[in-house]
Amino acid sequence: MNTTNPLLLLDYYKTTHHEQYPPGLTRIVSYFTPRATRLNGQNHLIMFGLQGFIKTYLIRAFQENFFTRPQAEVLAEYQRVLDNTLGPGIVNYDKITDLHDLGYLPIQIKALEEGTRVPVKIPMLEITNTHEDFAWLVNTLETALSCTLWHTMISANVGFLYRQIVNKYYAVSVDDDIPRSRALGDFSMRGQESCESAVKSSAAFCLSFLNTATVPAILYLEDNYNCDSGRDPVANGAISTEHSVMTSNYACDGDEISLIKRLLTQIYPNNSFSMVSDSYDYWNLVDNLLPQCKEEILAHKGFIGIRGDSGNPIEITTQTVQKLWDIFGGVTNSKGFRVLDPHVKVIYGDSITPQRAENIYAWLCANNFACNNVLLGVGSFSMQCLEESTTVAPPVHPTPPSTLQPFTRDTFGIAIKATYAEINGNPLMIFKDPKTDSGLKKSQRGCCIVTDPLNGASARQENQGSSQDSDHLCPDDGLAYRDGLTFAETENNPDNLLKTVFKDGQMIKEQTLSAIRAKLHRGEF
């Protein structure tokens, strides 16, 4: 992917649109919008990933794989691929040589700040051309932009959903100085569609939590979001065993207790670590082997996390907390809830859906245990599918009935649509409104501005009485957008929350990871 000409990261039909547009086309403006939701109670999509997309594709990929390559080489590659598949003479290649001669990407992108929870139907970003000869380029970039951003944004939503569950139960049972950002971690990499998908998904999850098993997520955030893991709280990994470790040692030792003691006293005497504990008989390890290691555990300078990896996660997790309390005891915190001895914790490494997390926390609170006695992991299932409960207040046991909602681009009806053009410099309002559709696919009309009527001057106060514009309010949080405007009317509007972030091959405005987290969590990351 990193060596691919970015003008080939598209659908075939994009290569032919240059010739199909109206003669004299000098500008196109398109908007990225979540048009609807398929999820109960989720009407917002978190803006995240655009800065990473711009730096990865619009800056690095275009420089390295297009502009700095010999023009003849780029053109030959483009012609070979398209002539051999579409047929000779179908595509006009002058646009490629013209862009290469220009030497930069004549594109401008305006966007809402990353970390914004955007109500459905509100445009999240605007893309247009800055040179009148390259209007065709705007929607040529649609394919890469769309497929790169939708899962990143939904994964940010996933992390935020889990964070709200953590916030709810930690507020009740956990001392206020215990960081909520360490309650859950991302364990999804091996089950994602690709390395790239795993990296971006985990980076998005890290907007709400500091724990991840996906090492390159940290590199992605450092490369694209102005942070440094050497000085900033970007994300953290963890020391853990896996089944191959447990089973190979059992084959050598003939037991499990030898490895447990070696981990505690020789390998990690000064470090916390987790130990997958169900390779053979989980409850035997908890009930019989851990008491035999009590002296070593209490002398250990860190904690040992007892990790289940099979069976009912709710039962395994909650009953282990009770058993560890019976073996090791603990203290009562400032809110009156029991906290295990700091040398032991309970971990369930993945398979934790929102329902299971809530059930685990609800059981802990009902049985007077603080929720920070457990560390939970979110696997690839939850990054790609939501299990929606069919009951309003699910019981602790058993897991409530549910339906599955797979995450796709259509989960939030995400689309990038052209809504404005200029022909020889003259404004043209364009839109789509299919009569055969339910209304989902109806686009904005003309250029848009996004405003917050509750803060600052409302765009509604401008252009009063214009027959060309209309206001669309989202009362959930006050955001609104106005369409029906010309590009000139929106370009320098001070109330427009869509701000220029990229222009002519350069980043204009950048955000840091810490600023995005602060915006998303209102300063309480």
Side-chain angles (χ1 to χ4, degrees), residues 182-192 198 202 209-218 235-321 323-324 327-328 340-352 356 360 372-382:
R182 300 300 299 270
L184 278 90
D186 169 32
F187 285 68
S188 69
M189 184 172 185
R190 71 190 60 195
Q192 293 275 9
S202 185
F209 293 100
L210 281 171
N211 298 344
T212 182
T214 306
V215 175
I218 295 175
N236 300 298
I239 303 169
S240 179
T241 71
E242 69 172 14
H243 288 293
S244 69
V245 170
M246 307 305 292
T247 56
S248 61
N249 275 275
Y250 182 88
C252 292
D253 301 332
D255 61 44
E256 294 179 281
I257 199 167
S258 298
L259 174 61
I260 298 174
K261 291 190 174 184
R262 187 159 66 92
L263 288 166
L264 289 164
T265 62
Q266 298 179 36
I267 304 176
Y268 303 118
N270 301 310
N271 302 97
S272 297
F273 65 91
S274 72
M275 181 180 69
V276 64
S277 304
D278 70 326
S279 294
Y280 301 105
D281 188 338
Y282 180 83
W283 293 122
N284 178 64
L285 184 147
V286 173
D287 292 334
N288 300 314
L289 301 188
L290 292 184
Q292 297 178 53
C293 300
K294 185 173 182 178
E295 181 179 345
E296 290 84 356
I297 290 174
L298 294 179
H300 178 232
K301 296 179 181 178
F303 70 78
I304 177 173
I306 308 305
R307 179 162 75 90
D309 196 40
S310 58
N312 185 319
I314 302 169
E315 178 182 354
I316 296 292
T317 304
T318 57
Q319 295 311 302
T320 305
V321 171
K323 289 175 181 288
L324 293 184
I327 299 168
F328 297 98
L340 290 171
D341 183 283
H343 294 91
V344 289
K345 281 189 180 291
V346 179
I347 298 177
Y348 208 97
D350 57 16
S351 300
I352 301 300
R356 288 172 176 173
I360 290 167
N372 62 311
N373 286 307
V374 302
L375 299 174
L376 302 177
V378 179
S380 58
F381 173 86
S382 291

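Note that these values count all heavy atoms, side chains included, but never hydrogens, waters or copies made by symmetry.
Under the 3.5 Å distance criterion, the side-chain polar atoms of Ser272 are matched with a main-chain donor or acceptor of Phe303. Judged by distance alone, with hydrogens and angles left aside, the side-chain atoms of His300 form a donor-acceptor pair with the main-chain N or O of Asn271 at under 3.5 Å. In this structure, Asp278 contributes its side chain and Ser310 its backbone to a donor-acceptor pair below 3.5 Å. A donor-acceptor pair is defined here as one N or O able to donate and one able to accept, closer than 3.5 Å; no such pair exists between the side chain of Ser202 and the backbone of Ala198. In this structure, Asn236 contributes its side chain and Asn211 its backbone to no donor-acceptor pair below 3.5 Å.
Distance CG/Leu375 to OG1/Thr317: 10.5 Å, rounded to 0.5 Å. Here Asp309 contributes atom CG and Ser351 contributes atom OG; the two are 7.0 Å apart, rounded to the nearest 0.5 Å. A distance of 8.0 Å separates CD1 of Ile314 from CD1 of Ile352, quoted to the nearest 0.5 Å. Here Ile267 contributes atom CD1 and Thr265 contributes atom OG1; the two are 8.5 Å apart, rounded to the nearest 0.5 Å. To the nearest 0.5 Å, the span separating NZ on Lys261 from SG on Cys293 amounts to 5.5 Å. Once rounded to the nearest 0.5 Å, the distance linking CD1 of Ile304 with CD1 of Ile347 reads 9.5 Å.
The minimum heavy-atom distance between Ile306 and Leu324, with the atom names listed, is CG1-CD1, 4.3 Å. Nearest heavy-atom pair across His243 and Ser279 is ND1-OG, 2.8 Å. Nearest heavy atom pair, residue Glu242 against residue Val276, reads C-CG1, 3.6 Å. Among all heavy-atom pairs drawn from Ser258 and Asp253, the shortest one is CB-OD2, 3.5 Å. For the pair Ser240 and Ser274, the tightest heavy-atom approach, listed with the atom from each and the gap, is OG-OG, 2.7 Å. For the pair Ala235 and Thr212, the tightest heavy-atom approach, listed with the atom from each and the gap, is CB-CG2, 3.9 Å.
Here the side chains of Tyr280 and Leu285 are not in contact, with every heavy-atom distance at 4.5 Å or above. Between Ile297 and Leu264, the closest side-chain pair of non-hydrogen atoms falls below 4.5 Å. The shortest distance between side-chain heavy atoms of Lys323 and Leu290 does not fall below 4.5 Å. Put simply, the side chain of Val286 does not reach to within 4.5 Å of the side chain of Ser277, judged on heavy atoms. For the pair Met189/Pro216, a side-chain contact is recorded, criterion being any heavy-atom separation below 4.5 Å from C-beta on. Counting only heavy atoms from C-beta outward, the side chains of Ile327 and Val344 never approach each other to under 4.5 Å. Taking the side chain as every heavy atom from C-beta outward, Lys345 and Leu340 never approach each other to under 4.5 Å.
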Between Arg262 and Asn249, does the side chain to side chain contact (heavy atoms under 4.5 Å, CB included) criterion hold? Intermediate values first, please. CA-CA 11 Å; Arg262 187 159 66 92; Asn249 275 275; 2.8 Å; yes
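Taking the six-membered ring for Trp and thresholds of 30 and 60 degrees, Phe273 and Tyr268 have ring planes inclined between 30 and 60 degrees apart.
Within 6.0 Å of CD on Gln292 lie more than 12 heavy atoms contributed by other residues, nucleotides or ligands.
Between the side chains of Thr320 and Tyr348, no donor-acceptor pair of N or O atoms lies under 3.5 Å.
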